[in-house]
Protein chains: 2
Amino acid sequence: MARAGLTTERLTQAGAELADEVGFDQVTVSALARRFDVKVASLYSHLKNSQDLKTRIALLALEEMADRAADALAGRAGKDALTALANVYRDYAREHPGRYAAAQLRLDPQTAAASAGVRHAQMTRAILRGYDLTEPDQTHAVRLLGSVFHGYVSLELGGGFSHSAPDTQETWTRSLDALDALLRNWPAP
Amino acid sequence: MARAGLTTERLTQAGAELADEVGFDQVTVSALARRFDVKVASLYSHLKNSQDLKTRIALLALEEMADRAADALAGRAGKDALTALANVYRDYAREHPGRYAAAQLRLDPQTAAASAGVRHAQMTRAILRGYDLTEPDQTHAVRLLGSVFHGYVSLELGGGFSHSAPDTQETWTRSLDALDALLRNWPAP
DNA sequence: CTGATTTGCCTAAAGGTTTTAGGCAAATGC
DNA sequence: GCATTTGCCTAAAACCTTTAGGCAAATCAG
């Protein structure tokens, strides 16, 4: 009987692809086994359980996004950097909706602290070096930026914006303009 | 054999409570039947299927939030209204995390158009009457506000903000200050 | 009030996902 | 070449979803 050559990595990768195709919450150990033309139980030598699979996909997505973000930020500063980072998230979500949804999975604190999530926070903070903010406003701004990026991408992806009126691309551009203006002119407490 | 007195409404209500207790994606027709001490199949006279249940919970949450928002906005304008509306979302999410998650469920266009979702958009737009924005900037601003509200609430609830540093309440207040400043000083294209 | 009808919850059953336990054969190591 | 390890398999139990058909309680008609 020939072996399928399963590994945790291949399963995670395939799980991510599956997520993009059918949606993250349709990702199932069974579906994954089917995709490898293998019996379900076989996967349990490589994955602890279903939650383990989902967590691994989430971590993969966080890594991929962080890598893209690091690339995009190289050599940029100020509004240029802001736009680049924002577009990384938006583009990633459009290319990989299932992975993006996975990245939203609630991780336990241990796992979260060891994930690429911290790189994301660092990069957002790095952007703010191009603006004139000191603590604690810098942290407030990091959180606000994170909220806008995630909120916008999530609403746009979920069809939360009416498909009429101005183009969502236009809104995105104008929102980034607005954020840039806001950061350059952050109100005093 | 005494009857349990199930109705679609009671099931939806109980489903919402269940969601708040165990998380929206743990809401299951089986669990709901257990809660009413009734056999699973009995629920299928009142619910089309599992998806139907989830959709109804989502619609309930959207209604409840819209009602609270309408209440909060009555008699307020400008920053006062902005803060009130923002707090409705944040408070609702904290009190009813399961319902809030439900409200994020992707609805098919038909259902969405008939939902309280449209009231939410209208109310956000109403807030902007206190600021000096004309179309298409008004729509851009509506979308930006929606993004911030949803993004912030979602990240805070999911533990996305490090539990250290400045208090998240402080960030929330300062973010609303910042949005107010931004709306009063919306950048020209 | 009684008989007919409707309605509500039940039993039965099939199909799918999760997860554990134990087995056999392929790959690897000496 | 033989022993060990590793990888995928079969078997099986537990749980969720959904449909079909049945009986009794509630409702309605005369």
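Per chain, numbering begins at 1; letters A, B, ... match sequence-line order.
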Next item on the list: Report, as yes or no, whether the 6.0 Å neighbourhood of atom CZ on R129(A) holds more than 12 heavy atoms from other residues, nucleotides or ligands.
Entry: no

Next item on the list: Rounded to the nearest 0.5 Å, what's the gap from CG on L105(B) to CG on D25(B)? Could you check?
Entry: 11.0 Å

Checklist line | Pairing residues for W186(B) by the ring-ring contact (aromatic ring centres under 6.0 Å, His included) criterion, not counting sequence neighbours | finding: none

Next item on the list: Could you point out which residue of Y92(B), F149(B), Y89(B) forms a ring-ring contact (aromatic ring centres under 6.0 Å, His included) with H120(B)?
Entry: Y89(B)

Notebook entry, point to check: Any idea which of dC8(D), dC16(D), dT18(C) is nearest the R34(B) side chain?
Noted result: dC16(D)

Next item on the list: Determine the minimum heavy-atom distance between A69(A) and V88(A), stating which atoms define it.
Entry: N-CG1, 3.9 Å

Note to self: Using the side-chain heavy atoms of V38(B), tell me which of these nucleotides is nearest: dC9(C), dT17(D), dT19(C).
What the structure shows: dC9(C)

Note to self: Looking at Q169(B), I want to see if its CD is surrounded by more than 12 non-hydrogen atoms of other residues, nucleotides or ligands under 6.0 Å.
What the structure shows: yes

Protein N or O to nucleotides 3-6 of chain D N or O, pairs below 3.5 Å:
from: dT6(D); atom 1: O2; to: R3(A); atom 2: NH2; distance (Å): 3.0

Checklist line | ring pair (Phe, Tyr, Trp, His ring centres under 6.0 Å): pairs with one or both residues in residues 24-62 of chain B, sequence neighbours excluded | finding: none

Please list, for nucleotides 11-13 of chain C, all pairs of protein and nucleotide N/O atoms separated by less than 3.5 Å.
none

Item checked: Heavy-atom pair of closest approach, residues A93(A) and V153(A) -> CB-CG1, 3.2 Å

Item checked: Whole-Å distance separating the CG atom of L6(B) from the P atom of dC9(C) -> 4 Å

Item checked: Euclidean distance, atom OH of residue Y44(B) to atom P of dG15(C) [Å, nearest integer] -> 16 Å

Check: Atom CG of L32(A) and atom P of dG16(C): how far apart are they, to the nearest Å?
Finding: 18 Å

Notebook entry, point to check: Is D177(A) paired with R174(A) through a side-chain N to carboxylate O contact shorter than 4.0 Å?
Noted result: yes

Next item on the list: Could you tell me the separation between the OG1 atom of T12(B) and the CD atom of E9(B), rounded to the nearest 0.5 Å?
Entry: 6.5 Å

Next item on the list: Considering only NZ, NE, NH1 and NH2 on the basic side and carboxylate oxygens on the acidic side, decide whether R143(B) and E170(A) come within less than 4.0 Å.
Entry: no

Next item on the list: Using a cut-off of strictly less than 4.0 Å between a heavy atom of the residue and any atom of DNA chain D, enumerate the qualifying residues of residues 12-29 of chain B by number.
Entry: T28(B), V29(B)

Margin query: A quick test of your reading: do over 12 heavy atoms of other residues, nucleotides or ligands sit less than 6.0 Å from CG of D132(A)?
Written below: no

Next item on the list: Provide, to the nearest angstrom, the distance between the CD atom belonging to E9(A) and the P atom belonging to dG7(D).
Entry: 12 Å

Check: Are more than 12 heavy atoms from other residues, nucleotides or ligands located less than 6.0 Å from atom CG of D37(B)?
Finding: no

Checklist line | Residues from residues 46-55 of chain B lying under 4.0 Å of DNA chain D - heavy atoms | finding: N49(B), S50(B)

